[in-house]
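Small disclaimer: the values here were computed from a predicted structure and weren't measured. Chain letters run A, B, ... following the sequence lines, proteins first, then strands; residues in each count from 1. FYI, side chains are in, hydrogens and waters are out, and symmetry mates aren't considered; it's all heavy atoms of this structure.
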There are 2 protein chains.
Amino acid sequence: MGTPLPRDPIADAQRNWERHGWGDVAAPMAAITAIMRTQQILLARIETVLKPFGLTFARYELLALLSFARSGALPMNKASALLQVHPTSVTNAVDRLEKAALVARSPHPTDGRTTLIELTAEGRTLAKKATAALNAEVFGKSGFGPDDVDHLIRVLGTFRRDAGDFED
Amino acid sequence: MGTPLPRDPIADAQRNWERHGWGDVAAPMAAITAIMRTQQILLARIETVLKPFGLTFARYELLALLSFARSGALPMNKASALLQVHPTSVTNAVDRLEKAALVARSPHPTDGRTTLIELTAEGRTLAKKATAALNAEVFGKSGFGPDDVDHLIRVLGTFRRDAGDFED
DNA sequence: TCCAAACCCTTGGATGTCCTAGTATATTGC
DNA sequence: GCAATATACTAGGACATCCAAGGGTTTGGA
């Protein structure tokens with residue numbers, strides 16, 4: 001994965017699409033492919049920064065979410081909904097975070113079906129440190145200009161709403 | 001993962017970042033998180049369309065790449081470079097595509113280290129059908145306006161170049 | 001009241017991605 | 001020409017994601 005390619009493979013794909021008579025969808029194809037690749041790059045950067053903390057992005061997201069919850073605790077299904085991932089992914093993340101003593105499971109006081117996830121003191125501390133690292137080394141150096149950031153937030157926000165992520 | 005949330009969780013995160021004094025990186029954080037989520041939505045749509053063909057996105061990408069190669073064959077390392085994934089991911093995809101008789105491995109004529117991946121007739125046919133389906137059901141209904149598509153291609157293209165994907 | 005339907009979490013299985021070797025083949029440099 | 005280095009692919013392992021299913025708990029309508 002090392003050396004840069006001489007030419008943009010996505011631009012090449014777009015040209016191939018046009019050459020085959022699919023010019024009407026070549027540009028959206030390129031945009032979507034670019035989003036996929038950009039996500040891959042960003043995820044790699046994030047994971048690199050989190051590795052020293054013994055965290056992955058999935059686990060960090062859960063820690064961060066809990067750290068913003070007033071009580072420091074959330075039901076599993078709530079976390080699943082807010083993180084927009086399958087419940088089994090939350091189970092997986094909690095298993096590992098619990099082994100690392102960063103979160104703890106506790107029964108819901110009134111609903112026997114529900115399990116609460118609670119941040120431990122170490123979990124809260126680690127979340128703070130990891131967030132500071134991400135802010136400094138990823139979000140603070142995104143490479144996107146302020147106007148591009150605003151545009152991305154707006155365009156992708158509309159896309160996500162249309163996709164049924166939220167109603168607001 | 002079903003019901004839409006009442007409010008945009010990424011906008012909430014952005015507000016949390018600002019409230020904690022990280023306003024300088026709150027917007028890039030939101031943009032990056034939105035890219036991650038958008039990729040997840042798009043990937044799910046793509047996989048849904050490809051499922052009837054017995055393909056995943058990773059396998060489809062490889063088929064599509066081969067279908068655009070003049071000779072219909074590419075060395076594994078070339079495919080790895082163009083798809084921007086780890087060589088082991090290509091090995092994995094080729095293993096499964098080969099089992100499905102959509103591609104075949106063959107030795108490189110002059111370099112004993114290299115393995116060529118070649119499309120079979122069925123592979124070429126399936127690639128065509130899958131591409132038509134994706135064009136109709138995903139790329140043709142991306143939900144992005146033409147101006148947004150152009151903007152995404154440009155902004156993410158710059159990002160990818162700066163990240164070292166290509167030099168062009 | 002009570003049983004069926006709905007809901008919550010977990011387990012097990014399939015995929016994909018990456019990393020770290022390990023094996024085989026080419027290239028390079030002395 | 002031969003040893004050292006580089007390159008190509010693969011095997012094994014760690015993680016994450018999703019789906020399908022199963023077992024326990026609640027809720028709601030007959």
To the nearest angstrom, how far is [X] atom [atom1] from [N] atom [atom2]?
X: A:His108; N: D:dT26; atom1: NE2; atom2: C1'; answer: 12 Å
X: A:Leu74; N: C:dC8; atom1: CG; atom2: P; answer: 14 Å
X: A:Asn92; N: D:dC19; atom1: CG; atom2: C1'; answer: 15 Å
X: A:Gln39; N: C:dT17; atom1: CD; atom2: P; answer: 11 Å
X: B:Leu83; N: C:dG16; atom1: CG; atom2: P; answer: 13 Å
X: A:Ile117; N: C:dT10; atom1: CD1; atom2: C1'; answer: 13 Å

Point to revise | Partners passing side-chain hydrogen bond (donor to acceptor under 3.5 Å, both in side chains) against B:Asn77 (at least two apart in sequence or in another chain) | key: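 Per chain and number, B:Asn77 pairs via side-chain hydrogen bond (donor to acceptor under 3.5 Å, both in side chains) with no residue.
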
Review point. Looking at residues at least two apart in the chain, or sitting in another chain, which of them share a side-chain hydrogen bond (donor to acceptor under 3.5 Å, both in side chains) with B:Asp8?
Key: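 For B:Asp8 the side-chain hydrogen bond (donor to acceptor under 3.5 Å, both in side chains) partners, ignoring immediate neighbours, are A:Arg160.
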
Nucleotide N/O of nucleotides 9-12 of chain D paired with protein N/O under 3.5 Å:
unit_1: D:dC9; atom_1: OP1; unit_2: B:Met76; atom_2: N; d: 3.4
unit_1: D:dC9; atom_1: OP1; unit_2: B:Thr115; atom_2: N; d: 2.9
unit_1: D:dC9; atom_1: OP1; unit_2: B:Thr115; atom_2: O; d: 3.3
unit_1: D:dC9; atom_1: OP2; unit_2: B:Asn77; atom_2: N; d: 2.8
unit_1: D:dT10; atom_1: OP1; unit_2: B:Arg105; atom_2: NE; d: 2.8
unit_1: D:dT10; atom_1: OP1; unit_2: B:Arg105; atom_2: NH2; d: 3.1
unit_1: D:dT10; atom_1: OP2; unit_2: B:Thr91; atom_2: OG1; d: 2.8
unit_1: D:dT10; atom_1: OP2; unit_2: B:Arg105; atom_2: NH2; d: 3.4

Check your understanding: With a 4.5 Å limit on heavy-atom distance, are the side chains of B:Val138 and A:Val25 in contact?
Key ->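 The answer is no; the side chains never approach within 4.5 Å.
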
Check your understanding: Is the shortest distance from a Lys or Arg side-chain nitrogen in B:Arg19 or B:Asp12 to a carboxylate oxygen in the other one below 4.0 Å?
Key ->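 No, no charged N to carboxylate O under 4.0 Å.
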
Check your understanding: Closest approach of A:Pro4 and B:Glu167, non-hydrogen atoms and distance?
Key ->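 Reported closest heavy-atom pair: CB-CG, 3.7 Å.
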
**Study point:** salt bridge (Lys or Arg N to Asp or Glu O under 4.0 Å) against A:Arg154, all qualifying residues, sequence neighbours excluded
**Key:**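 Testing A:Arg154 for salt bridge (Lys or Arg N to Asp or Glu O under 4.0 Å), a comparison that skips the adjacent residues, returns none.
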
Check your understanding: For D:dA14, does OP1 or OP2 lie under 4.0 Å from any side-chain N or O of A:Arg96?
Key ->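 Result: no.
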
Exercise for review: When you get a sec, tell me which of C:dC18, C:dG16, D:dT17 is the closest nucleotide to the side chain of A:Gln40?
Suggested key: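 It is C:dC18.
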
Practice item. Give the nucleotide from the list C:dC18, C:dA26, D:dA16 with an atom nearest to the side chain of B:Asp111. Key: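 Of the options given, the side chain of B:Asp111 lies nearest C:dA26.
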
Practice item. Take B:Asp24 and A:Asn135 through the test side chain to side chain contact (heavy atoms under 4.5 Å, CB included) and record every step on the way to the result. Key: CA-CA 9 Å; B:Asp24 52 331; A:Asn135 283 340; over 6 Å; no

Point to revise | Contacting residues from residues 43-65 of chain B, given that a heavy atom lies under 4.0 angstrom of DNA chain D | key: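 Of all residues in residues 43-65 of chain B, none places a heavy atom under 4.0 Å from DNA chain D.
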
Practice item. May I ask whether B:Tyr60 and A:Ile10 are part of the same hydrophobic cluster, defined by side-chain heavy atoms of I, L, V, M, F, W, Y residues being less than 4.5 angstrom apart, directly or through others? Key: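 Each belongs to a different hydrophobic cluster.
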
Point to revise | With B:Phe68 via ring pair (Phe, Tyr, Trp, His ring centres under 6.0 Å) - residues at least two apart | key: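 Scan of B:Phe68 (ring pair (Phe, Tyr, Trp, His ring centres under 6.0 Å), adjacent residues dropped) gives A:Trp17, A:His20.
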
